[in-house]
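Residues: numbered from 1 along the sequence shown. We count ligands from 1, going down the list as the structure has it; atoms in each ligand are counted the same way.
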Amino acid sequence: MLQQTVSGRRSFLCLLLPAVLLLVGCGSSDEADTSPDQEAPPSGPSTQDPGADDEPVRELPALNNAVGFDVFREPHARLPVPELPSDTAGQMEFDAGLPEPVISMPAGFDADSNSAPFFRNLANLEVLAGDIVSIRFEPEDLDGSLPGMFPQKLPLGGTFEDNFDGSKTFVWQPLQEDVGILRFTVVAVDSEEPGLKASQDVLIRITLPDDPSTIPNVAPMLETLRDFTVRVNDPVVFELKGQDLNGTIPTLEVPLLPPGASFLQHPRLEEIYVLKLTPTVPGIYTLDVLVRDSVDPSLTATETVSFTVLDAGQFEGSGAPLKDLGQNRDLEIGFAALQSFYHQPDGAIYAAIAAREFNIVTPENSMKMNIINPLPGHFEFSGTDNLVRFAKLHDMRVHGHPLVWYRLLPEWIMQSDIADRERHMSDFIERIMGRYKDEIDVWDVVNEPIADNGELRQADSVWYEAMGESYIDKAMRQARLIAPSATLLINEFDISMAGPKFNGLIRLVERLQASNVPLDAIGFQMHLFSSYSSFEELRTNFATVAALGLDIYITELDVSISGEGSPSAAELQLQADVYRQIAQICIEQTRCKAIQMWGITDQYSFRSNFNPLPFDRAYQSKPAFKALQEALAK
Ligand code: XIL
C-alpha cells in the first residue's frame, strides 16, 4: 500500500463542493495538494476503484504532534456532504400539535394507586430567529403534591428558571444556527413515586425573519476542550474551534503566544486554528484565546484554555511492559487506536504509552466502511495509512477491522440496490485487503454476524438481506484468496458466557467448516462490566472453540464500572480482578493468541463514562494495569 495507485479515474469531489453550504474552497491546500481535474461526477452510486486523487498527501507538521512518523491527510479540501432530505417528518409532527407525554413507571407499579403528573397549557411554538422564547412549565398531579421537573437538555444559551410557585420558565433566544425544529423536553416527576414520570416534548419551529439583519449579533465563543494532561517536552497540538450562534465563523488569536509555539489557521478547515507548543516545565498552564466576531470585529470574547503538564517520570509504568510479559508466553498484547490520536492535545503521551505497552493495534474506526469509503468510488485512507506507519515504527502488528459488518456503513450502501450489494461487498474487501495485505495479516473479516437468540443477524444486516447467510462464506473465501497466509477471524460480542448466542456461533463455525470455508480464529470482543463472573463458562467456550481447531483472540476487552463519577478504590479493584482472571484464562488456553484492549485510556474510550480501561484520563495506570502485569508475569 501507500504507493500511488494510478488510475486518474475521476475527481468529482471538488465539483460537488459548490452545492454544499459553508465548505472551504476546494483549491485550498497545506502543501502537497494536487489540483483536481475536471471530469463530470458519476451518476448514482458506483464502486469505482480508488484513484490517484484518493491518495493521502503529507500534512504540515505544525498540525499534529506525531513523534517519529509522518502524518498524511486526505488530498481533498473536505468531504462533500450529500444534501439532506428536508425534515418533512419533523414538519408533520409539528403540525400535528403538542406531542403526547411519554409516561414511565417503575416495574410492578399499581397504576390505580397513583396517577402520573402532567403539564397544563402547553403548545408547540413558532418563532423567528432572534425572538425570545419563553415557555412556562406548570406540572400538576391530580392525586399528589407538586411534582418536580427538569429539562432533558438545554440548548446553548437557554435557561430554565424557577418561578418559586411550582412552575419554571424556559427562556431562550434562538439564532441563525438554530433554524429548524427544536424538540425541548421536560420531565415531571411524581412527588411520592420518583419512578413515575411524564416526559413532555414541546416542538419549537424557528425560521429566519425576512430581514436577517434584524437578528442580534452575539459574541462568538470557543468550543470547549476536555481537560487533559500531557508529558513535559512532548509536543501538544490544540485544534481550537470558534463557534458563533449567528452561524458565522469567528477568527481566533492568541495574544500571548508562548515562545516556540506556532499558531495557524487550519489550511482546510476554516473554523479551526491549530496551536502547537512544547511545554518544557511541569505545571498547570493557562492560555488566553481571543475569539473575534467575523461581522463586527470589535465584538470579541476571551476564553481560557488550561491543561496540566507532568514530569516524564510520572508516566513511566513500573514493572515490565505488558507486551514483553506477553511475548514470554507467546501472547500478543494490543489496543484499539483512537482515530487521529496525533491530532489530540495529549496524542504524544498516548503514542508513547502505546509504543511501550503494546505489540498489536486495531484501528478503532478508521477502517470502517463509513469512514474509509464514505461515498461511492471515494476512499479516505489517511487514518489507516497513518496507523500502519505508526505501527511499523514501533514493531507492532496491525489487526484489520472490520471488513464486513452490518453497522457503521455509509449511507450509499444502506440505499444501494440489493442486486448490487454482493459486488459492493467484494469490491470493498478487495480494495481494503488489497491495499494493506503486505502490512496486515490478521483480519476481522466478518463482524457480529450472530443475533442475541443465536440465529444469524438477518433483518438488520444489509449483507444478509442481499445474500442470505452465504455472505459469510463469500467474504471468508475471498479474504483467503487475497491474503492466503493471513489469519481470518469472525469477531463477535456477548459470547463470553454460555447461552444461545455462543451456541449459534458454534453452529455457524461447524457449518462453515463442513463446507471448507476458510476460518482461522474467533474474536471474543469482551466488552464486559466489572460485575462479570462467568469465568468458568468463558473457559469452556474457549475450549469449545479450540477443539474446533480455531485460535482465539480477545479482540476488544474493556471492563466498565457502572455508576456516576470517579470510581472508588473498591470498584477499581473489582475491575482489576476481571482483567486478571480474563488474562489468566487466556494464558491457560494455548489457542488464545492475543489480549487486545479496546483503547488505552478512559479519556478516549467509547464507554468513557464507565472508566473501562487500564489507564485513567491522565494516563496514570490503574489497578487493572497492575493486574494484567501480574497475571502475565505469573
Ligand atoms: C466502536 C467504536 O469504539 C466507537 O468509537 C464507534 O462510534 C462505534 O464503534 N464492536 C466493534 C467495534 O466491533 O468496532 C465497536 O467500536 C465496538 C463494538
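- Comparing heavy-atom distances from atom 15 (C) of ligand 1 across H401, K368, R407, Q525 singles out K368 as nearest.
- In the vicinity of L408, heavy-atom distances shorter than 4.0 Å reach the ligand 1 atoms 8 (C), 9 (O).
- Taken from CG in L572 to CD1 in I561, the straight-line distance is 4.5 Å, to the nearest 0.5 Å.
- At least one test fails for R591 against the ring of F542: distance under 6.0 Å to the centre or angle within 45° of the axis.
- If you number the atoms of ligand 1 from 1 as listed, the ones under 4.0 Å from a heavy atom of E448 come out as 10 (N), 11 (C), 13 (O), 18 (C).
- At a 4.0 Å heavy-atom cut-off, ligand 1 does not touch F493 at all.
- Scanning E492, H527, E556 for the heavy atom closest to atom 11 (C) of ligand 1 points to E556.
- Between E332 and R397 there is a salt bridge, since at least one side-chain N of the basic residue sits less than 4.0 Å from a carboxylate O of the acidic one.
- Protein heavy atom in closest approach to atom 3 (O) of ligand 1: E364 OE2, 2.4 Å.
- Using cut-offs of 30° and 60° for the angle between ring planes, the Y464 and Y471 rings count as perpendicular.
- Geometric assessment of R607 against the ring of F529 yields a positive cation-pi assignment under the 6.0 Å and 45° thresholds.
- Ligand 1 places these atoms under 4.0 Å from at least one heavy atom of N365: 2 (C), 4 (C), 5 (O), 6 (C), 9 (O).
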Item to complete: Decide yes or no on side chain to side chain donor-acceptor pair (under 3.5 Å) for Y553 and D444, but give the supporting numbers first.
Response: CA-CA 10 Å; Y553 282 66; D444 293 338; over 6 Å; no

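- In this structure, the side chain of R539 does not engage the main chain of I585 through any donor-acceptor pair within 3.5 Å.
- Counting atoms of ligand 1 from 1 in the listed order, those under 4.0 Å from a heavy atom of N447 are 11 (C), 13 (O).
- Within the 4.0 Å heavy-atom cutoff, D444 does not count among the residues contacting ligand 1.
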